[in-house]
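Take a look at the structure set out below.
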Amino acid sequence: MNFSKHAPLKGEITIPGDKSISHRSIMFGSIAKGTTEITGFLKGADCLSTIDCFDRMGVEILEDEDRILVRGNGLRGLKAPSTVLDCGNSGTTTRLISGILAAQDFDVTLTGDSSIQKRPMKRIMDPLSQMGADITSIPGNGCAPLRICGRPLHGISYHSPVASAQVKSAILLAGLYADGETRVTEDCLSRDHTERMLGHFGADVQSIAKEDHPSMTTAVIRPADQLYGCPVNVPGDISSAAFFIAAALLVPRSELLIKNVGTNPTRAGILTVCRAMGGDITLLNEDNASGEPTADLLIRHSSLRGTQIGGAIIPTLIDELPMLAAMACFAEGTTVIRDAAELKVKESDRIGVMVQNLKAMGADVTETADGMIIQGGRPLHGAVIDSKLDHRIAMTFAVASLCAEGETTILGSQCVEISYPDFYKDLARLTR
Ligand code: S3P
């Protein structure tokens, strides 16, 4: 697909539902008793993989135009699937479902696409094994396919070596079935959707910040007898909004209203960084109606300056770093991204892939062990971009091309179906 310079972004947009929250609504609804009605659900390929997995375990999931109904089987009601469970491209599906499967009274094989089969699963295999799980990597390299044989589990106290909501959530979900309390400590708090939503489903879960070290947080869960279905209203995904925030800040004369975006502080680091870069962002209609903060974001074109991005803010904007790196190319001065080695084990090696593609467009960018250094202010030109079938890379370069001279071709551009099937349509509408 080809992209080039465009008119300002004007008007308003409602972003599709949050991917992390959509996954969790299906998973928790499936192991709850009663019906969970989900509105704002993201019908992207990743979340459809989650639906498919629970459908294969006997959960009735009904889809119509604007809502999903999950008729939950209860905490101990999942059925042995008759096939391998295929998580597609979705790390969230693979890791979170593993925590549930570890405690069932049946055995399963979990797999996914070629990207999933390269992503590290030892990070969940280790703590789940400590809880008594029988989980093995079939190829023996710590990656999927995984064989999970259900076992009785016991509670553990785990200090996670990575700030990862997927790791934390896998352990907390296993903790629902354990014989005692389970604690997961992170040095820097990762997204807390699991803790928030499990509470709504009736689980006894708490988040405790360490007094003398506020970013260090321990999530504590007690075993549950049952979870109870409840309504879930999924807000717009700030990780998808990120591309429109960037586009409106970068393209001169833009003014864009992005409606109903999730602004949970464990996800909203992009707003802090964009403001530090000089971005004009106003939050309107702030709300907290469904247990997740939301706001409308009014974005106006701004002249940006370079900044430093590192430390405890990193988990709160981990998926937005590709877009922030591209924005930094258009900002005056130097931007340094550090403490972000996790980017290397996302859907692609997002440090290597960003550096290679930004250089192809003429950017001055240097790869480091845990991030990159970008000297902004050099004009970019069109290039052939290899997305490596990573949805966030494809969307990042579609936005970068709006401010580059000449034409950009994005290879594998259809991968946006993972998190934002209508992305190109929405971008075209706003720049018409
Ligand atoms: C997610 C957590 C993050 C994020 C991913 C979704 C989640 O991964 O990058 O896109 O839904 O829990 P990590 O937990 O591995 O950081």
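In listed order, ligands and their atoms are each counted from 1. These numbers were taken from a predicted model, which means no experiment stands behind them.
With hydrogens and angles ignored, the 3.5 Å screen pairs no side-chain donor or acceptor of Lys43 with any backbone N or O of Pro16. Proximity of a side-chain donor or acceptor of Asp390 to a complementary backbone N or O of Ser348 within less than 3.5 Å is detected. Arg392 contributes no side-chain N or O that, together with a main-chain N or O of Glu320, makes up a donor-acceptor pair within less than 3.5 Å.
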What does the contact table look like for ligand 1 (nitrogen or oxygen on each side, cut-off under 3.5 Å)?
| residue | atom | partner | partner atom | Å |
| --- | --- | --- | --- | --- |
| ligand 1 | 8 (O) | Lys346 | NZ | 3.1 |
| ligand 1 | 9 (O) | Asp319 | OD1 | 2.7 |
| ligand 1 | 9 (O) | Asp319 | OD2 | 3.3 |
| ligand 1 | 9 (O) | Lys346 | NZ | 2.7 |
| ligand 1 | 10 (O) | Asp319 | OD2 | 2.8 |
| ligand 1 | 11 (O) | Ser20 | OG | 2.7 |
| ligand 1 | 11 (O) | Arg24 | NH1 | 2.9 |
| ligand 1 | 11 (O) | Thr92 | OG1 | 3.4 |
| ligand 1 | 12 (O) | Arg24 | NH2 | 2.7 |
| ligand 1 | 14 (O) | Ser164 | OG | 2.8 |
| ligand 1 | 14 (O) | Ala165 | N | 2.9 |
| ligand 1 | 14 (O) | Gln166 | N | 2.8 |
| ligand 1 | 15 (O) | Ser164 | OG | 3.3 |
| ligand 1 | 15 (O) | Lys346 | NZ | 3.4 |
| ligand 1 | 16 (O) | Lys346 | NZ | 3.1 |

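The distance between the ring centers of Phe28 and Phe54 does not fall below 6.0 angstrom. Taking the six-membered ring where the residue is Trp, the centroids of Phe3 and Phe397 are separated by 6.0 Å or more.
Here the CG-CZ distance, from Leu110 to Arg147, works out to 10.0 Å after rounding to the nearest 0.5 Å.
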